[in-house]
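A single structure is presented below for examination.
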Amino acid sequence: MNAEPGAPDPIGDDVRLFRRITQHHLVDAPSEPLGKRISSAAFQPSSADEGISVSLEDTMDELGITSTDLMTLAPPSIGLSFVTARQVRAPPVGKDVERAPTGDDPSHGNIVGPDSTARRRHLARLAQVQWVIEPT
Amino acid sequence: MTLLLPEPTTTPTIAAGTMRHKASSPASSPYIATSRRILIEAEIAPPWIAAVERRINELLLLPPGWDTYGAQPITVENVLLALSLLERLVDLDSPAPIIVPTVAGGIQMEWEFDRTAVEVRVDEGGAWFFVGDDSGEHEGPASADLSARAARVIAAVPYST
């Protein structure tokens, strides 16, 4: 089905959604392979209820934005994680993703939809850490 | 557990149990001009209580936008409510919670075990419990039932170091 004229381009299932993770949400987990895990708190929607901010890989590619660029937008962050749109949409997460470009990040989007701690925990478990800057 | 909260004009005290917490505002702490601080005075407390105090005080210093996505700073009020909930969940030999900040100005206390988990979040949305136990996943606003479930999960894994 074609998108309506003027509607945002649909976001494919394979598009990766990048989210910065601060050191405060990378917590000790001795049983994990790297000894760390991402807290579910890293996937709490913003208090303004706009959703969970991410950067969309397809727009990043189109505009030449790299993962390094995402990190330089926010010096305090130490990690960059990603989930795919498919993971976000599928059970047990059952959410969706929308484009929401901002002045700072034209690839910005929001993970939207029903929220619960269980969904946040699933997202945190699904998220893969792309890379981490050790805190100084 | 007793919470002592010195404020510029008042010092609310919540008494219950064996631990004492003090939270000092900038006005009552001359050496803290730009931040707030929680002091926990514990005559009898789990061995990790000092680490909890240090962690909370670190989090209270977080500036607006600390998560790079516009997060709110952590408030003393949310921390004190979280500590009052903590008091009801743990015993002297309970494992320590992992404490993380939330984007809505509060903190989340987490216990993650092999097959069970507890998360207690206190922020602008209120107090919210998540308990994963043998019977499944349960979550909702703070309640006697969820608190009892959470306490049972935590009590099943004693502190071991």
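A note on names: the letters A, B, ... follow the listed sequences, proteins ahead of strands, and every chain is numbered from 1.
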With a 4.5 angstrom heavy-atom cut-off, which part of A:R121 approaches chain B: side chain, backbone, both or neither?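 Interface part for A:R121: side chain.
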Contacting moiety of B:D123, where chain A heavy atoms sit under 4.5 Å: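 The side chain, not the backbone.
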Quick one: CD on A:Q128 to OG on A:S81, what's the gap to the nearest 0.5 Å?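 Answer rounded to 0.5 Å: 9.5 Å.
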Among the options A:R19, A:R20, A:R37, A:H25, pick out the one with the most heavy-atom pairs lying under 4.5 Å from chain B.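 Greatest number of close heavy-atom pairs with chain B: A:R20.
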Output the option from B:I99, B:L62, B:D114, B:L59 having the highest count of non-hydrogen pairs under 4.5 Å with chain A.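 Option with the top pair count is B:L62.
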Quick one: do B:R152 and B:D133 make a salt bridge, cutoff under 4.0 Å?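 A salt bridge is absent here (no side-chain N lies under 4.0 Å from a carboxylate O).
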Okay, side chain of A:R99, backbone of A:P10: is any donor-acceptor separation there less than 3.5 Å?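 Side chain of A:R99 to backbone of A:P10, a donor-acceptor pair under 3.5 Å: yes, one is there.
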Please check: side-chain N/O of A:D58 versus main-chain N/O of A:V15, any donor-acceptor pairing under 3.5 Å?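 The answer is no, because no donor-acceptor pair under 3.5 Å joins these two groups.
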Kindly indicate, with the supporting measurements, whether the criterion salt bridge (Lys or Arg N to Asp or Glu O under 4.0 Å) is fulfilled by A:D13 and A:R89. CA-CA 8 Å; A:D13 277 345; A:R89 291 167 175 147; 2.6 Å; yes
Can you tell me which portion of A:S39 sits under 4.5 Å from chain B's heavy atoms? Options are side chain, backbone, both or neither.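 When you check distances to chain B, atoms from both the backbone and side chain of A:S39 fall under 4.5 Å.
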As an exercise: rank B:E137, B:R55, B:E119, B:E58 by heavy-atom pairs under 4.5 Å with chain A and give me the winner.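 That would be B:E119.
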Taking atom CG of A:L80 and atom OG of A:S67, what is their separation to the nearest 0.5 Å?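 These two atoms lie 6.0 Å from each other.
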Non-hydrogen atoms of chain B under 4.5 Å away: do they reach the side chain of A:D104, the backbone, both or neither?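 No part of A:D104 comes within 4.5 Å of chain B.
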